[in-house]
Amino acid sequence: MSSEPLLAVEDVDAGYGETTVLRELSMSIDEGEIVSLVGRNGAGKTTTLRSIVGILTPTSGTVTYRGTDVTALEATETVRRGLALVPEERRIFPELTVEENLELADYGGASGVDSLSVGEALETFENLQERASNPGSSLSGGEQQMLAIARALVGGADLVLLDEPTEGLAPYIVRDVMDIVEDLNDRGITVLLVEQNVRVCLELADRNYLINQGEIVYEGTSAELEDDEEVLDRYLGVTV
Ligand SMILES: Nc1ncnc2c1ncn2[C@@H]1O[C@H](COP(=O)(O)OP(=O)(O)OP(=O)(O)O)[C@@H](O)[C@H]1O
Ligand SMILES: [Mg+2]
């Protein structure tokens with residue numbers, strides 16, 4: 001028996017107004033995987049995430065989640081089904097306390113993996129517990145990333161889409177965020193990790209997709225990608 005993927009993106013075109021950014025983009029994620037989408041500035045990574053969760057509607061192609069066509073659904077609906085986007089700008093409410101930020105995420109809608117209560121989320125993230133009564137604006141960049149991820153867990157997400165979670169963070173905080181991503185996955189949460197930092201992907205991901213100018217140009221396991229110097233150099237300009 002071959003089980004269907006948790007998420008399947010098939011031949012998606014999407015863009016802004018007259019501009020097509022994504023071209024026949026296909027990727028799939030099985031339940032329990034960490035899959036990366038890695039590419040340079042402007043490659044179309046954020047546009048891909050927006051198209052999956054329904055902030056943008058693809059102009060052609062399909063997005064299927066748990067076997068259901070969600071292509072035309074709005075983000076307010078996909079979030080109820082268990083998809084959660086943690087955006088690049090780590091959207092939290094700066095004027096509310098850490099605890100209030102978590103309480104607001106607790107709309108109790110999503111299915112699948114059991115969601116965390118606000119108390120459990122605070123226990124899970126020690127740094128947040130210590131700052132539970134402080135305003136969101138007082139958190140460091142790494143702590144804001146933790147809070148944004150914790151909000152997805154309280155909301156009952158079972159597929160978390162992380163848009164460059166390590167961007168702009170000091171190396172030791174990058175390590176903390178990577179540990180959190182692994183911890184999420186250990187809890188049974190499936191992760192789509194968008195990164196420009198391929199080293200983070202190679203360490204965390206089961207499989208990796210490379211995106212260049214709106215097209216998937218490579219797919220492989222981390223072991224395969226790590227050995228493919230030509231692909232790394234051509235699309236990412238890095239040697240690992
Ligand atoms: N709101 C928008 N309106 C018009 N064009 C946009 C909009 N957002 C992004 N684009 C364009 O779409 C293309 C892909 O952008 P996207 O944000 O998806 O890239 P990205 O891979 O996430 O880049 P980065 O690593 O800088 O976050 C770029 O050419 C960008 O200029
Ligand atoms: Mg982006």
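In each ligand, atom 1 is the first atom listed, and ligand 1 is the first ligand listed.
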_Side-chain touch Val70/Thr62, heavy atoms, less than 4.5 angstrom_ = no

*Would you indicate whether the side-chain heavy atoms of Thr190 and Val160 approach each other to under 4.5 Å?*
no

Using atom types as modelled, flag every donor-acceptor pair under 3.5 Å from a side chain in residues 173-183 to any protein atom, sequence neighbours excluded.
from, atom 1, to, atom 2, distance (Å)
Arg175, NH1, Glu203, OE2, 3.1
Arg175, NH2, Glu203, OE2, 2.9
Asp183, OD2, Arg187, NE, 3.3

_Checking Glu215 now: which residues fulfil side chain to side chain contact (heavy atoms under 4.5 Å, CB included) with it, not counting sequence neighbours?_
Arg23

*Output yes if Thr47 passes the N/O/S-under-2.8 Å test against the Mg ion (ligand 2); output no otherwise.*
no

*Apply salt bridge (Lys or Arg N to Asp or Glu O under 4.0 Å) to Glu31 and Arg66, showing your working.*
CA-CA 9 Å; Glu31 189 143 30; Arg66 293 197 184 282; 3.3 Å; yes

*Show the protein residues that qualify under the rule heavy atom under 4.0 Å from an atom of ligand 1, listing them in chain and number order.*
Tyr16, Val21, Arg40, Asn41, Gly42, Ala43, Gly44, Lys45, Thr46, Thr47, Arg50, Glu88, Glu164, Gln196

Listed pairs under 3.5 Å, donor-acceptor, residues 46-59 side chains, sequence neighbours left out:
from, atom 1, to, atom 2, distance (Å)
Thr46, OG1, Glu88, OE1, 3.1
Thr46, OG1, Asp163, OD2, 2.7
Thr47, OG1, Tyr16, OH, 2.8
Thr48, OG1, Gly44, O, 2.8
Arg50, NH1, Tyr16, OH, 2.7
Ser51, OG, Thr47, O, 2.8
Thr59, OG1, Asp13, O, 3.2

